[in-house]
Amino acid sequence: MIKLDNVTKVYKGDVVALRNASVEIAKSEFVFLVGPSGSGKSTFIRLLNKDQTPSAGRIFVAGKDIGELSSWKVPYLRRNIGTVYQDFKLLANKTVGENVAFALEVIGRPRHVIQTQVPAILDLVGLGNKAGNFPHELSGGEQQRVSIARAFVNRPLILLADEPTGNLDPATSVGIMQLLDKINKTGTTVIMATHDRGIVDRMRRRVIELDRGEIVRDQVRGVYE
Amino acid sequence: MIKLDNVTKVYKGDVVALRNASVEIAKSEFVFLVGPSGSGKSTFIRLLNKDQTPSAGRIFVAGKDIGELSSWKVPYLRRNIGTVYQDFKLLANKTVGENVAFALEVIGRPRHVIQTQVPAILDLVGLGNKAGNFPHELSGGEQQRVSIARAFVNRPLILLADEPTGNLDPATSVGIMQLLDKINKTGTTVIMATHDRGIVDRMRRRVIELDRGEIVRDQVRGVYE
Amino acid sequence: MAIKVDYVVRETSTNLFRNLSITLASILTVMVSLFLLGMALTVNLGVNKATQRWQGGIEFIVFINPGATTEQVGAVDKALRESPEVEKLTYVDQNQAMEEFRSLFANQPELIDTVTPDILPPSYRVVPLNKSSDTVEALSEQYRGKPGVKSVVSATETIKLVQKLSGTLTVFMYVVAGVLLGASILLVLNTIRMAMYARRREIEVMKLVGATNWFIRVPFMTEGLVQGVIGAGLAIGLLVLFRPFYERIVPDPTQFPLFSGMVPASSELFGIYVVLAFIGCVIGTIGAGVAVTRFLDV
Amino acid sequence: MAIKVDYVVRETSTNLFRNLSITLASILTVMVSLFLLGMALTVNLGVNKATQRWQGGIEFIVFINPGATTEQVGAVDKALRESPEVEKLTYVDQNQAMEEFRSLFANQPELIDTVTPDILPPSYRVVPLNKSSDTVEALSEQYRGKPGVKSVVSATETIKLVQKLSGTLTVFMYVVAGVLLGASILLVLNTIRMAMYARRREIEVMKLVGATNWFIRVPFMTEGLVQGVIGAGLAIGLLVLFRPFYERIVPDPTQFPLFSGMVPASSELFGIYVVLAFIGCVIGTIGAGVAVTRFLDV
Ligand SMILES: Nc1ncnc2c1ncn2[C@@H]1O[C@H](COP(=O)(O)OP(=O)(O)OP(=O)(O)O)[C@@H](O)[C@H]1O
Ligand SMILES: Nc1ncnc2c1ncn2[C@@H]1O[C@H](COP(=O)(O)OP(=O)(O)OP(=O)(O)O)[C@@H](O)[C@H]1O
Ligand SMILES: [Mg+2]
Ligand SMILES: [Mg+2]
């Protein structure tokens, strides 16, 4: 499903965020990405949906080298990949409902589909009563859950989640992890960057650990450290 | 130092974020604010620096009723309160160094003071080499540390920290907590909202627990739950 | 990918209203520049019509009596043709005279109906070699009173001045209108660019969620088009409102008969309006087009 | 609290350059409107000067021979005063004539130096009761050739037309300039507002960090002022550049002697420039002032 072939990402100012990373992730896998702050987790995730381009190496998603993708095809790649960003990236001038609906509008879903799916997914993340609020009217954790809802509402093949529980209390986190687990069981590949030792240790899934841009550990049924 | 007198905050749409909260916090205290997502922690913090105004009740900071403060005095209140926001609130068009320096410029500190204090505080949070980067060029955890540096650079009397470790790995979190502890020991009152059970349980300080806007627990040397 | 119409309408109107004041400013500038252009075109049309007999250096006109005999006409014709002082000679027959009359009084159809070609005098338009007023006077005097000649009319100081002033004036108005047109394209461009800049984070997010460039662009482009069209519409409206006023400030035809042709007919004005509307669309489209292209390609 | 100058300079220039194209658009509009206003003022000045003898309904002027005897002058004076057809009579003595000459030829000081009051003819400016050209002609004819009378000059059709046209023209230019001035205030206002809107999150953050409203406002206000001042400077520069061109399009004084006064003198132009610069500052300040007030008070 996803393959990184000797990928290096150097930001301006010679910051090596990822160094010679080679990884293969199969369909329906659930992968934790761990490592200290600044070790390259977000970079790893942003390379997969072409938000960033690698400085060297090749990346394959669903068998295609995304480095060869012409720029007008990138939106279509992204529609198959739901992403929960670390800073949520919600549209400030749209309500919660419109934010989630936007991911469906973009792919041209008919209105009646949008009108049934959006409330359903919002209920699932516990925000059924906030559909009409704007993002700045939500608490941090609520915004994070909107972001999760939007990433998943069009049932993507791949779900990238960058610290999706960073702003959530332990109880809510457990709920979200159960949701991700359920999504994963339906066949979606899930890659999740996290700092939450408790979650990683409890779930016991594949763990890839980064340190200063290098993959220092890749362990099946691993723990946080 | 800080006193809430029967404070209620109702947002539009009848969301009661805080209900009849009465709390007194002495100078040099260290207080954890815990509770599930959406329970009112951020609201509590934003009421203290007049980012939000209460719907009912009175709030005293350093003996003054901040509800009576005329609007041109609010900036002076805020200069005595350092705040780490949950969403960092960095200035996107200024570099990391300029962001931290801004808090000093605003209070009219001379240039040479700025030039020595800013690098010092950035070193303290481990970002000495990122002073020239813009916020969007930083990892989530790095941005969070810039926010902490800015909140503390002008040695405020009160430090409000809204989940300052939400985007940090356990090791870095420990470093930040040691910093906050040190700041607290110099006489600064610290109020910190957090979801991190490990930190709260290890530090054993005063814990105020919120649930759906109500203070359900106020415990000296408390634990997460 | 088909972009839904209701999506575009919704987004466009939201944007227009969100930045109402800047939208108004750019609509106003489009309006002013098109209004000026319209005025320049109108004045130009009027002056050209009013002075059409006098164009190309014609200094005097010999009108022939419609009832003159062929011999009489032949004599005048011969005298003019053989005069060494005449540089150029044009004969306007009765049908051409009727044409001219028609265009001069296009705004007074009732007048046209009362006139038939056979009552209008044919005429010789004379461009003399030497244009100093004394020699022109002397030359034209030679034909006055000749048999078959109805009258001889010279270009007066006034006519020459009007031609010169109005020429200068319309050039000036064209230049100002041109500068303003440039400014309005720039302004529409900037309104859209600022709108996109103000929403740059939103746009970035839309792209990350999988929106195509066109999906993002189209509402902004419609926004520019709407600004251009509304600006043009207002300019046309102003011109219509302004018309009675314009007709009033044109010097009183009974006092200055020359100006009877300066009031343009509705059909002629309609042509001008169409041109303005077209330019409005072009301004909007170019402005917005450049804005979205430059912004999204970065 | 003292806001540091280097902070304001730094922020202002950053903002100006960040939104270069919209800044340019608003500077351009300020420029065009002030340029138009300047042109209108110049033309108005010129026409008023050129036709100053003919203002207030004066239809003809009786020039007295500078060498005429007191009796001769007395006779003419008496005849004019007692004529029932004269509505109003103004006597211009040699010193007043010199004044007039000075202002008419202000741009040709070498000419002024060669003239002294005693060679200029005093004159009677006559406003007749009946203004129809036939009676005016007959009346003025009575004084032509009287002893002591140098010449009698009537207002020509041309002079009346120039007065009328230029009156209309300057009113028109004032209106357009006024509309554009309004548009430029709106535009500066909007440039600043858009700049503040685009940076609304930044502004919110600045406030949360303890910046006073003035700390946030001042750089934006300076930005508006700079736009107004640069716009006015460019307009003045354009007027200076445009001056030879304007002098060239003014109808050739040898052909139309009336227009010799239409080329204004440098000192008169300088006054106009000062007015424009002042208006530029006002536009910038008002625009930016309204913008920052309205934005921060929300
Ligand atoms: N756009 C950029 N320009 C320059 N440097 C960047 C940019 N984005 C990230 N970096 C740097 O690359 C490194 C890796 O960043 P990344 O965001 O991948 O870390 P991370 O593992 O997600 O950290 P965190 O846990 O704090 O979110 C960091 O040192 C960061 O400063
Ligand atoms: N500006 C606002 N307008 C309307 N409702 C708001 C606004 N800000 C917060 N709320 C609501 O008030 C409640 C409390 O929000 P608050 O941000 O204080 O929660 P929190 O304890 O910080 O949560 P989290 O842990 O998720 O950050 C939430 O239900 C939220 O939706
Ligand atoms: Mg990250
Ligand atoms: Mg919060």
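Both backbone and side-chain heavy atoms feed into the values below; hydrogens, waters and symmetry mates do not. Quick note on labels: first sequence line is chain A, next is B, and so on, each numbered from 1.
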Checking heavy-atom separations under 4.5 Å from chain A, one finds in residues 29-46 of chain B B:Gly35, B:Pro36, B:Ser37, B:Gly38

Q. Just wondering, are more than 12 heavy atoms of other shown residues or ligands nearer than 6.0 Å to CZ in A:Arg58?
A. no

(Q) Within a 6.0 Å radius of atom CZ on B:Arg212, are there more than 12 heavy atoms belonging to other residues, nucleotides or ligands? (A) no

Here the pair of heavy atoms bringing A:Pro170 nearest to B:His195 is CD-O, 3.7 Å

CG (A:Asp169) and OG1 (B:Thr194) are apart, to the nearest 0.5 Å, by 10.5 Å

Assert top hit (heavy-atom pairs under 4.5 Å, partner chain A, pool B:Glu225, B:Gln143, B:Arg145) equals B:Arg145

Atom CZ of A:Arg204: over 12 foreign heavy atoms under 6.0 Å: yes

For A:Asn167 and B:Gln86 the tightest heavy-atom approach is OD1-NE2, 3.0 Å

Applying a strict 4.5 Å limit to non-hydrogen atoms, the region of A:Phe88 in contact with chain B is neither

Okay, A:Asp87 and chain B: the region with an atom under 4.5 Å from a heavy atom over there is neither

Bottom line for A:Glu142: the part with an atom under 4.5 Å from chain B's heavy atoms is both

